[in-house]
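Remember, predicted model here, so these are calculated numbers, not experimental data. To find a chain, count down the sequence lines: A is the first, B the second, and so on, and within it residues start at 1. Side chains included, hydrogens not; waters and symmetry mates left out as well; all remaining heavy atoms used.
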Amino acid sequence: MDNKEYARILKEISILRQIRGDNHFKIRAYENGARAIENLADPLESLMDEGDITQIEGIGKSLAKELESLRETGVSSVHQELLVELDPGLLDLMKIQGLGPKRIKTLYDELGISNVDLLKEAAESGKIADVEGLGKKTQEKILAEIERLAQSSGRMPLPAARAIAYGVRDKLKEVKGVEAIDVAGSIRRGRETIGDIDILVATSGEPQPIFEAFVTLPEVEEVLVRGDTKTSARLRNGMQVDVRIVRPEQFGAALHYFTGSKEHHVKLRTRAKKMGLKINEYGVFPRDSDTPVASKTEEDLYACLDLQFIPPELREGRDEIDLAEESKVPKLVEASDMLGDLHMHTTETDGRNTILEMVEAAKARNYRYIAITDHSQAVTVAGGMTPNRFEAQIAQIREINQELEDFRIYSGIEVDILKDGSLDMDHDLLRETDWVVASVHSHFNLPKEEMTARVIRAVESGLVHCLGHATGRILGGRDGYDLDIGQVMDACAVHGVAMEINGSTGRLDLNADLARMAHDRGVKIVLTSDAHSTRGLEDLDYALQQARRAGLTKADIMNTAPELSLG
DNA sequence: GCCGTTTTCGGCCCGACTGTTTTCAGTCG
Ligand SMILES: Nc1nc2c(ncn2[C@H]2C[C@H](O)[C@@H](COP(=O)(O)OP(=O)(O)OP(=O)(O)O)O2)c(=O)[nH]1
Ligand SMILES: [Mg+2]
Ligand SMILES: [Mg+2]
Ligand SMILES: [Zn+2]
C-alpha cells in the first residue's frame, strides 16, 4: 500500500467518527495522522521497516498499531467496524456543502439516508424539510448541491484559478472605498490546485457598497453568503469566491488569517496561546485585552510572537514554525534573483514569437540571458527541427549574439527522448549547442521499468544538461507517466544533469514536493517558463512559486547565476 | 488520540453566517 492509501483510511476513520459523534480531539488526531502521512517524503512502509513510526509527529502508539496491522492484514479493524456500524455511502455525503456530521447523523438515524441517491430521493419527496432542525431551505439547498457536485470538476489548477482571481481583484480594485486588496488563500500560498478564491479588501468606509459591487459583477452567478464582513458568491465558471472586508489597520492580521493555511493557524494560535496571546483575523491580542499588539502587517504578527517571518508558500502547518523559532526559515528565491530562462520556443517550431522578440521580452523581465529550446523533429505536431534546421538556428543565434550587448542567447534545444531512450538529434549538434533540455513527448504508457530505463538512458548520454518536465503530468489532466522518479533523480545527480521546474500553465513539473526531493538528492534545479510566446515568459513565476514552496534558495537554482556555467 | 523550555495529565484556534434554534447549533472560513 502506498502513503495515499494509508492516509485515505485514516481520513475515512476521522469522517465516520465525526458522524458517530466521537470526541473532537480524537477525530483531529486521525486527521493529523492522515496529513502527516500525506506529507511524508518516504513511503510509510519503509519507515516501518527502518524503525519506529511514532517518531512521526502526529502518529502515536495507537495510530502506529493500527497502521501496522493495516499493513499486515490489509484492513484496519477500526475502519472496518465503523463501516459496518455506519455506512460507506455516508463518506460521500460529507462532500455536500451545508451537510456536516451532525445533520448526516440525523438524516441517517431518522430517515435511513446512507448515500447520495437516497438523500436525493428524500429531498425530492419533501421528507428532509420535516426532519427536526432542518427545513425547506436546507432541503432545496441540498438538491441544488447534489446537482452541482455531479457537474463540478473539483479543484482547479493554480494558473487558471489565479487568472480568474486576478480578474476579479482588478475589477474590485476600481470600486470606490477599496483602499487595499489582495488575493489570499491557497492561491497566495501557491498550492498547485485551488478549491476556491479568497480575496481580502480593506476599507475605512462602509463595506456593503463594496459587497454590492462584487455580487453584481457580470461573472457572478449566485450569492451564497452575504454578511457584514464577508460575502461568498459562485461565478458562472463554477468557481466560488470569498470576499472578506476589514479596516485598513487590520489588513495584515486579516491577510494572514485569509492566507492560511488552516493547519498553520492551528499551530501558530496554539503557540500564541501558551505565550498568553490570542490571534484572530483582527490582530494579536494580550489575553483579556482588546488592544492589539500587532495587526497592521504580517511582519508585525510574526515579530510579536518572537518568530522569524514565514513566507506564505511555507505556511502549510509542517515544520515552518519550528524553523522560524530557531531563525532557520530559508531565504527563499525571489523574482529578482532570476537572471535567465532556459526553456522556450520560437516561430522556428510551435512558438508564436521570433528569437528577437523573445530577447526583448526577456530584457523587460531584467534577464541577462535566455536559451532558445525549440523542439526536435519527432515532435511533428510542433513542427520539430531537422538537424539542418537546428544547425541553421545555432548559426543564426551566433550572429544575433554579436549584435547584443549585456545579453546572451544560448542556443539550445528541447530534444525528444525517443521510445528507446535515444535522443532525436544529431549528436555532434547536441555537443555543439550550448544547452540541451531532453524530454518525453510520446509513448507515455510504457511499463514503469521501461520508462525509467528510457529516461535514465537519456540522462546518462553525456549530451543532456537538463531533464524537461520529468513526470509528464498535466494539471487537471493526465497523471505523470509511470516511472521511478527517485532513480531518475539519482541518475541526474550522478551525471550532473539538472531538472527543471517547468512553470507552463498545464504542468508545474516538477512540483514542489518532487523539486524538494530532487534538491535533497543533489540535483541542480532550473526554473523555466517553457514559453511559446513573449507573454509565456511570465509562467516562470509559477515555477518560482513552486521552488519557494520547496524551500529553495537562490543558491539552489541554476538560472540565478549571472551566466550559464556548465561543469 | 497526541503531546510536553510552564505539563506524563490536561489541555487541544477562533470567528462569521444561516436558519427555525426562541437563545444557538451547525457549518464553514
Ligand atoms: N483559523 C482558522 N482559519 C481558517 C479555518 N479554515 C479556513 N481558514 C482560513 C485559512 C484559509 O487559508 C482561509 C481560506 O479558507 P479556504 O477554505 O478557502 O482554504 P484555502 O484557500 O487554504 O484552500 P482551498 O484551495 O480554498 O481549499 O481561511 C479554520 O478552521 N480556522
Ligand atoms: Mg480558498
Ligand atoms: Mg475560501
Ligand atoms: Zn516539452
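At a threshold of 4.0 angstrom between heavy atoms, the contacts of A/Gly58 are confined to the sugar-phosphate backbone, with no base atom among them. A/Ile27 comes within 4.0 angstrom of nothing in the nucleic acid, heavy atoms only.
Contact check of residues 287-315 of chain A against DNA chain B (heavy atom, cut-off under 4.0 Å) returns no residues at all. Contacts with DNA chain B (heavy atom under 4.0 Å) in residues 146-168 of chain A: none are found. Within residues 63-92 of chain A, the residues having any heavy atom under 4.0 Å from DNA chain B are, by residue number, A/Leu63. Of the residues in residues 262-285 of chain A, those lying under 4.0 Å from DNA chain B by heavy-atom distance are A/Lys262, A/Val266, A/Arg269, A/Thr270, A/Lys273, A/Lys274, A/Lys278, A/Ile279, A/Asn280, A/Glu281, A/Tyr282.
Residues satisfying the side-chain hydrogen bond (donor to acceptor under 3.5 Å, both in side chains) test with A/Arg191, not counting sequence neighbours, are none. Taking A/Arg271 as the reference, A/Glu325 meet the side-chain hydrogen bond (donor to acceptor under 3.5 Å, both in side chains) condition, with sequence neighbours excluded. A/Ala555 meets the side-chain contact (heavy atoms from CB on, under 4.5 Å) test with A/Thr553; sequence neighbours excluded.
Legend: side-chain hydrogen bond (donor to acceptor under 3.5 Å, both in side chains) pairs involving residues 293-307 of chain A, not counting sequence neighbours, sorted by first then second residue: A/Arg188-A/Glu298, A/His256-A/Tyr302, A/His264-A/Tyr302, A/Thr297-A/Asp300, A/Glu298-A/Arg315, A/Tyr302-A/Arg315. Note on residues 147-160 of chain A: pairs passing salt bridge (charged side-chain N to carboxylate O under 4.0 Å, His left out), not counting sequence neighbours, are A/Glu145-A/Arg148.
Straight-line distance from the CG atom of A/Asp196 to the P atom of B/dG29: 6 Å, rounded to whole Å.
Using the Watson-Crick or G-U wobble rule with both distances under 3.5 Å, B/dT8 pairs with nothing in any strand shown.
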Would you tabulate the nitrogen or oxygen pairs shorter than 3.5 Å linking the protein to nucleotides 23-25 of chain B?
none

Please list every donor-acceptor pair under 3.5 Å in which a side-chain atom of residues 172-181 of chain A meets a protein atom from a residue at least two apart or in another chain.
{"residue": "A/Glu179", "atom": "OE1", "partner": "A/Ser204", "partner atom": "OG", "Å": "3.2"}
{"residue": "A/Glu179", "atom": "OE2", "partner": "A/Ser204", "partner atom": "N", "Å": "2.8"}
{"residue": "A/Glu179", "atom": "OE2", "partner": "A/Ser204", "partner atom": "OG", "Å": "2.5"}

Please output the side-chain donor-acceptor pairs of residues 89-107 of chain A that fall under 3.5 Å, not counting sequence neighbours, one pair per line with the distance.
{"residue": "A/Asp92", "atom": "OD1", "partner": "A/Lys95", "partner atom": "NZ", "Å": "3.0"}
{"residue": "A/Arg103", "atom": "NH1", "partner": "A/Gly98", "partner atom": "O", "Å": "2.9"}
{"residue": "A/Lys105", "atom": "NZ", "partner": "A/Asp109", "partner atom": "OD2", "Å": "2.7"}
{"residue": "A/Thr106", "atom": "OG1", "partner": "A/Lys102", "partner atom": "O", "Å": "2.9"}

Please report the C-alpha distance between A/Ile197 and A/Val168 in whole Å, then the side-chain angles of each, then the deciding distance to 0.1 Å, and finally whether the side-chain contact (heavy atoms from CB on, under 4.5 Å) criterion is met.
-> CA-CA 10 Å; A/Ile197 291 169; A/Val168 174; 5.8 Å; no
